[in-house]
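Remember, predicted model here, so these are calculated numbers, not experimental data.
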Amino acid sequence: MTHDILVVGGGPAGLTAALYAARAGKTVAVLERAVPGGQIVYSPLVENYPALPGVSGADFAAALAGQTEALGVEIITAEAVSAVRTEGGFRLETDEGAMDCRTLILATGVQHRALGLPGEAELVGAGISYCAVCDGAFYAGRDVAVVGGGDTAVQDALFLANLCRRVTLLVRRDRLRASDAAKAETLRQRDNVELRFSTTVEALCSADGALTGVTVRERGETAALAIDGLFLAVGQEPSGSAFAALAPVDAQGYFAAGENCIAAPGVFVAGDCRAKTVRQLATAVGDGACAALSACACLERNG
C-alpha cells in the first residue's frame, strides 16, 4: 500500500500531523520506534498547555494517540532507518520492512545530549540517567545530582526532591535559564535542594561498575561530590540524521524549514527537529498542524 502521507515520529508533532491529515481524508500512518507520545510521556505534570492544566504527559500522549487512531491512522512500531525518492514519492526502509508514500512528514524529535566524559556510556543505567520520572524511584532516600539549568533540569530536580534525601543542581552558568520562573522559585524554596552555579562536571567516579560520585569545578576550584545518581538535563540534539539527504539541515543538524514546515518538495518537518527558537509542547502541536496542511496542499496540487 502507498500511503498519501507517512509520518516519521509519534510525538505530539507527529501525532497532530497525522490527526490533521486523516481529518482531511488522506491515508496516513505513523512510524514510532518507541512509545507514542515521545518525550512528553515522561513529564510528570504538564501545566502550561492551554485548557489542560495539571495533566500528566503520559495521559496527554495517550489521549492524543487514541484520538488519532480513532480516525483510522495506524501507529506502527518501527524504526525508519533511511528514505529515498521514488517516481511516485518516497520509499522508507524500516526495521520492519519497506513502506511507500506520496509525501513524507519528518517529526523525528531530538535525543538527549551526553556530557562526553570518559566512562559515561558505561554508567548509563548504573548511576547515570536521562529520565528522572523513569528512574527516580531507584534513588529514593539517597543523594543525587541533576546537571543543567533549563526547564527540564528544574522539573527533574523538583521531582527528585520528593523522593531523594538530597538533590544538588549543578548549573554551568551563573543563573538558571529556565523559562518557568514560578517553578524555579518553588525549587529554590525546597530545603533538600542545593543550587550550585558556575559549576561543571569534570569527571565521573565509580566502583564495581556503579557511579559513586563526580568531580566538579566550581568557580575555578575542584571538589568531589559523593552521590548515588546523576541525572543529565544538558540539552538535546536532533534525531533526523537518517533523512539529511532528503532535506537541508543547519549547522546543528536541525531541518531547515520555515513556519509552513516545507523542507523540500514532498518533505515536511514538524516539532523539535525543525530549526527554530522555541521548542515547547504547544509549538510542536502547531508544527504538526502546519506540516499536515502543507502536505495536503501538496497532494491536492499533484492530483
Looking at [X] and [Y], would you say the former's side chain and the latter's main chain have a donor-acceptor pair under 3.5 Å?
{"X": "Thr212", "Y": "Cys205", "result": "yes"}
{"X": "Asp95", "Y": "Glu79", "result": "yes"}
{"X": "Ser56", "Y": "Asp59", "result": "yes"}
{"X": "Ser294", "Y": "Asn260", "result": "yes"}
{"X": "Arg142", "Y": "Phe138", "result": "yes"}

Any residue meeting side chain to side chain contact (heavy atoms under 4.5 Å, CB included) with Ala242, in chain and number order, not counting sequence neighbours: none

Same cluster (ILVMFWY, side-chain, under 4.5 Å), Ile5 and Val269: no

Within residues 88-170 or reaching into it, pairs that qualify as disulfide bond (SG atoms under 2.5 Å apart) - sequence neighbours excluded: Cys131-Cys134

In the hydrophobic cluster built from side-chain contacts under 4.5 Å, what are the other members alongside [X]?
{"X": "Val110", "answer": "Tyr254"}
{"X": "Leu117", "answer": "Leu115, Leu123, Val124, Ile128, Tyr130, Val147, Leu170, Val201, Leu204, Leu211, Val214, Val216, Leu225, Ile227, Leu230, Leu232, Val234"}
{"X": "Tyr20", "answer": "Leu293"}

Salt bridge check: are [X] and [Y] linked by an N-O gap of less than 4.0 Å?
{"X": "Asp287", "Y": "Lys276", "value": "yes"}
{"X": "Asp100", "Y": "Arg91", "value": "yes"}
{"X": "Arg274", "Y": "Glu259", "value": "yes"}

Partner set under salt bridge (charged side-chain N to carboxylate O under 4.0 Å, His left out) for Glu218, not counting sequence neighbours: Arg196

Partners passing salt bridge (charged side-chain N to carboxylate O under 4.0 Å, His left out) against Glu202 (at least two apart in sequence or in another chain): Arg217

Please list, chain by chain and in numerical order, all residues satisfying ring pair (Phe, Tyr, Trp, His ring centres under 6.0 Å) with [X], sequence neighbours excluded.
{"X": "Tyr49", "value": "Phe60"}
{"X": "Tyr139", "value": "Phe231"}
{"X": "Phe255", "value": "none"}
{"X": "Phe90", "value": "none"}

Option from Gln111, Gln39, Arg279 for which side chain to side chain donor-acceptor pair (under 3.5 Å) with Gln236 holds: Gln39

Over 12 foreign heavy atoms within 6.0 Å of CZ, Arg113: yes

Within 6.0 angstrom of Arg175 CZ, more than 12 heavy atoms from elsewhere: no

Partner of Val28 by side-chain contact (heavy atoms from CB on, under 4.5 Å), out of Leu19, Ile105, Val73: Val73

Residue pairs, two or more places apart or on separate chains, that pass ring-ring contact (aromatic ring centres under 6.0 Å, His included) and touch residues 175-212: none

Asp151 vs Gln280 side-chain heavy atoms within contact, under 4.5 Å: yes

